[in-house]
Chemist: 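Dropping the structure in here first, questions after.
The figures here come from the full heavy-atom set of this structure, side chains too, leaving out hydrogens, waters and symmetry mates. In the text below, chain A, chain B and the rest are named by the order of the sequence lines, each starting its count at 1.
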Amino acid sequence: MSKMVKSESSSSDVPLSKPWQSYQTVYTNAKAGMDGVEKEKVQRIVYEMSKGSKYFENEERKEALMRQRTDNMRERLGKLSITDIAHYQKIAERRITELEATRDLSRIWLHVDMDAFYAAVETLSNPSLKGKPMAVGGMSMISTANYEARRYGVRAAMPVFQRYDLNFISASLDEAYLDITEVCRERDVRSDEVAEEIRRSVFEETGLICSAGVGPNRLLAKIGGIGKVTEHILRTAFEIDTCKDLLEKGGFLCALFSPSSADFFLSVGLGLGGTDTPQARLRKSMSNERTFSATEDEAFLYQKLAELSHILSTDLQKEGLRGRTLTLKLKTASFEVQTRAVTLPKCICSSEDILLHAKKLLKAELPASLRLIGSKAV
DNA sequence: TACATACAC
DNA sequence: TATGGTGTATGTA
C-alpha cells in the first residue's frame with residue numbers, strides 16, 4: 001500500500017524529555033483516516049512498551065548509524081573549498097538545464113490506488129464484515145499478500161484499466177499507472193473527469209473503492225521518491241527541505257554524491273520521472289525467508305533451511321527459472337542482518353542443489369543465535 | 001563478485 | 001516477551 005502521508009521525521013535534536021518522538025518510523029500511525037487518533041499518546045505508549053527489547057536496541061543502533069552518516073556528510077561538506085563549491089555549482093546548473101530540457105508535459109498519467117485493499121477483499125468474500133471495524137493480519141501482525149489477494153490484486157480492475165490504457169502498469173497488488181493522454185484527447189475530456197469515471201467503473205464492476213491522482217508523469221501522479229534515511233541526511237546535513245532547496249543546493253549534492261545519485265535528486269527537484277512506457281521487466285531474483293523465535297539449535301536451523309530450500313526450488317521451477325548465485329540471509333537474535341553468497345559454475349534449481357550450497361553457507365556461520373533464515377537465487 | 005543499505009509495497 | 005516478506009537498485013571494496 002502506498003503511504004501518501006510522510007512522517008514528519010525529527011530532523012535533528014529531539015528534546016530528551018520526549019524520547020519517543022524520535023521513533024517516528026517504527027511507531028507512526030500516520031495513515032489516511034486516522035486524524036482523530038491522539039498521535040503523540042499512541043507513540044508514547046508504544047515506546048514505553050517497547051524500550052529495552054532487543055528489537056528496540058537494534059533500532060537505536062540503526063539510528064546511531066544514520067547519525068554517523070549524517071555527521072560524515074557534514075564533515076565532507078565543511079571540507080569543500082570555495083573553488084570546489086563554485087566548480088560543482090556550475091556542474092549542477094548545467095545538469096539542471098539538461099534535465100529540464102527533457103521535461104515532457106505532454107503526457108497525462110493517472111495513478112490508481114485501491115483503498116484498504118486487503119480489508120476490502122476480505123469484506124467482498126465475507127459480506128457480514130461490512131461496516132465493522134477490522135484489521136487484516138498476516139503472520140504475526142502485518143498483512144502479507146496471501147494467494148487469494150495475489151490472484152485478485154489490481155487484476156480485478158484490469159478490464160476497466162484496459163479500456164483506458166491497454167499498456168497500463170500494475171505497480172503492485174493494489175496500485176496501477178495509466179497513461180490516459182489519448183483518452184483525454186480523443187474524447188475531449190479533462191483528466192479529472194476520466195479519473196472520476198474510472199473510480200466509478202471500478203466500484204461498479206468490482207465493488208472496490210480506489211483513489212486516483214493525475215500528473216504529467218508517474219512521479220507527480222503519485223508523489224514520492226525519497227526515503228527516511230535520505231530525507232534525514234538531506235535535511236540535517238544540507239538543510240534541504242523542499243524541491244526548491246534540492247535545486248538551489250544542487251552544487252553540494254553534485255560534490256558529495258555519485259553522479260547518478262545527484263541526478264536522481266535534481267530530477268526529483270524538477271518533478272521529473274516516469275514519462276516513459278517501460279516494457280514489462282523480467283524477474284531478476286527469487287527469495288524467501290522465515291522469522292522464528294531466536295535459537296541456537298542447529299538441528300532446528302538446518303530443518304528451517306531445508307524447508308526454505310524446498311519452497312524456493314518449487315517456486316523457481318513453477319516459473320521455469322534457475323539461479324547461479326545463492327544467497328543466505330541471516331538475522332541474529334540482536335536483529336542484525338547478514339548475507340552470505342556463493343556464485344556457482346552452473347545454474348541450479350533443484351531443492352537438493354540449493355540445500356547443499358545453503359548448508360555450506362550456514363555451517364560457516366554457526367554457532368549463532370538466529371531469528372530468521374532466508375534464501376535467494378539470482 | 002560479495003556484501004550491506006536503502007527503499008517500496 | 002514481542003515487530004513481515006519479496007524484490008530492486010546502488011555504493012563500496
Side-chain angles (χ1 to χ4, degrees), chain A residues 1-4 6 23 25-28 31 46-59 61-62 65-66 68-69 72 111 113-114 117-118 136-147 149-150 153-154 170-176 218-219 222-234 256-264 268 278 281-294 308 311-312 315-316 319 321 323-331 333-345 361 364-365 371-378:
Chain A
M1 315 271 167
S2 71
K3 282 190 211 88
M4 302 289 275
K6 287 242 173 188
Y23 296 90
T25 342
V26 190
Y27 309 122
T28 188
K31 268 229 144 194
V46 179
Y47 172 84
E48 289 301 330
M49 290 175 67
S50 316
K51 71 177 176 196
S53 72
K54 293 212 170 88
Y55 175 80
F56 193 86
E57 284 167 17
N58 192 252
E59 283 302 307
R61 192 181 59 84
K62 275 162 42 183
L65 233 54
M66 185 167 85
Q68 202 181 310
R69 271 188 69 180
N72 180 272
H111 175 244
D113 190 344
M114 301 295 179
F117 178 65
Y118 293 109
V136 181
M139 352 182 71
S140 87
M141 59 182 294
I142 299 168
S143 72
T144 321
N146 63 17
Y147 283 103
R150 271 175 203 271
V154 279
S170 52
S172 71
L173 278 179
D174 67 335
E175 278 182 286
R218 294 193 297 279
L219 177 87
K222 164 150 196 219
I223 311 293
I226 289 174
K228 181 196 163 216
V229 174
T230 316
E231 181 184 326
H232 186 263
I233 293 175
L234 292 179
L256 299 183
F257 289 97
S258 70
S260 67
S261 300
D263 252 30
F264 171 72
V268 171
R281 356 188 262 284
L282 312 140
R283 180 202 273 283
K284 292 186 176 165
S285 68
M286 190 179 266
S287 67
N288 60 359
E289 62 192 59
R290 288 295 174 271
T291 297
F292 38 83
S293 48
L308 286 167
I311 295 170
L312 185 62
D315 289 350
L316 282 169
E319 297 203 27
L321 298 169
R324 212 165 78 83
T325 301
L326 184 72
T327 306
L328 176 75
K329 176 173 168 180
L330 306 173
K331 197 187 279 180
S334 52
F335 289 88
E336 278 152 301
V337 177
Q338 296 165 350
T339 54
R340 298 287 180 261
V342 267
T343 299
L344 308 162
L361 292 172
E365 304 307 314
R371 65 180 337 276
L372 172 147
I373 295 185
S375 62
K376 170 157 80 168
V378 185

Chemist: By side chain to side chain donor-acceptor pair (under 3.5 Å), which residues pair with A/R371, not counting sequence neighbours?
Modeler: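 Counting only residues at least two positions away or on another chain, A/R371 forms no side chain to side chain donor-acceptor pair (under 3.5 Å).
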
Chemist: Does A/F257 have any ring-ring contact (aromatic ring centres under 6.0 Å, His included) partners at least two apart in sequence or in another chain, and if so, which?
Modeler: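 Result, ring-ring contact (aromatic ring centres under 6.0 Å, His included) vs A/F257: A/F238, A/F265.
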
Chemist: What is the distance, rounded to the nearest whole Å, between atom CZ of A/F292 and atom C1' of C/dG5?
Modeler: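 Computing the A/F292:CZ to C/dG5:C1' distance gives 14 Å.
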
Chemist: Could you work out, with side chain to side chain donor-acceptor pair (under 3.5 Å) as the rule, every residue matching A/Q338, not counting sequence neighbours?
Modeler: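 If we apply the side chain to side chain donor-acceptor pair (under 3.5 Å) test to A/Q338, skipping adjacent residues, there are no hits.
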
Chemist: Starting at CG of A/L65 and ending at C1' of B/dA6, how long is that distance when rounded to a whole Å?
Modeler: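 For the pair A/L65 CG and B/dA6 C1', the rounded distance is 12 Å.
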
Chemist: Taking side-chain contact (heavy atoms from CB on, under 4.5 Å) as the test, write out the residues that go with A/V378, two or more places apart.
Modeler: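 Only A/S285, A/T325, A/K376 meet the side-chain contact (heavy atoms from CB on, under 4.5 Å) criterion with A/V378.
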
Chemist: Starting at atom NE2 of A/H232, determine the distance to atom P of B/dA6, rounded to an integer number of angstrom.
Modeler: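 Taking NE2 of A/H232 and P of B/dA6, I get 12 Å after rounding.
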
Chemist: Working to the nearest 0.5 angstrom, can you tell me the gap between A/L361 CG and A/S375 OG?
Modeler: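 A/L361 atom CG to A/S375 atom OG measures 10.5 Å (nearest 0.5 Å).
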
Chemist: Does DNA chain C take part in any stems of at least 3 consecutive Watson-Crick or G-U pairs (both distances under 3.5 Å), and if so, which ones?
Modeler: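 Detected stem regions: B:1-9 with C:5-13.
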
Chemist: What is the distance, rounded to the nearest whole Å, between atom CZ of A/R371 and atom C1' of C/dG4?
Modeler: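 It is 10 Å, rounded to the nearest whole Å.
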
Chemist: Taking the minimum atom-to-atom distance to the side chain of A/S285, which one of C/dG5, B/dA4, C/dT8 wins?
Modeler: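 Taking heavy atoms from C-beta onward, the closest nucleotide is C/dT8.
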
Chemist: What residues form a side chain to side chain donor-acceptor pair (under 3.5 Å) with A/K331, not counting sequence neighbours?
Modeler: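 Testing A/K331 for side chain to side chain donor-acceptor pair (under 3.5 Å), a comparison that skips the adjacent residues, returns none.
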
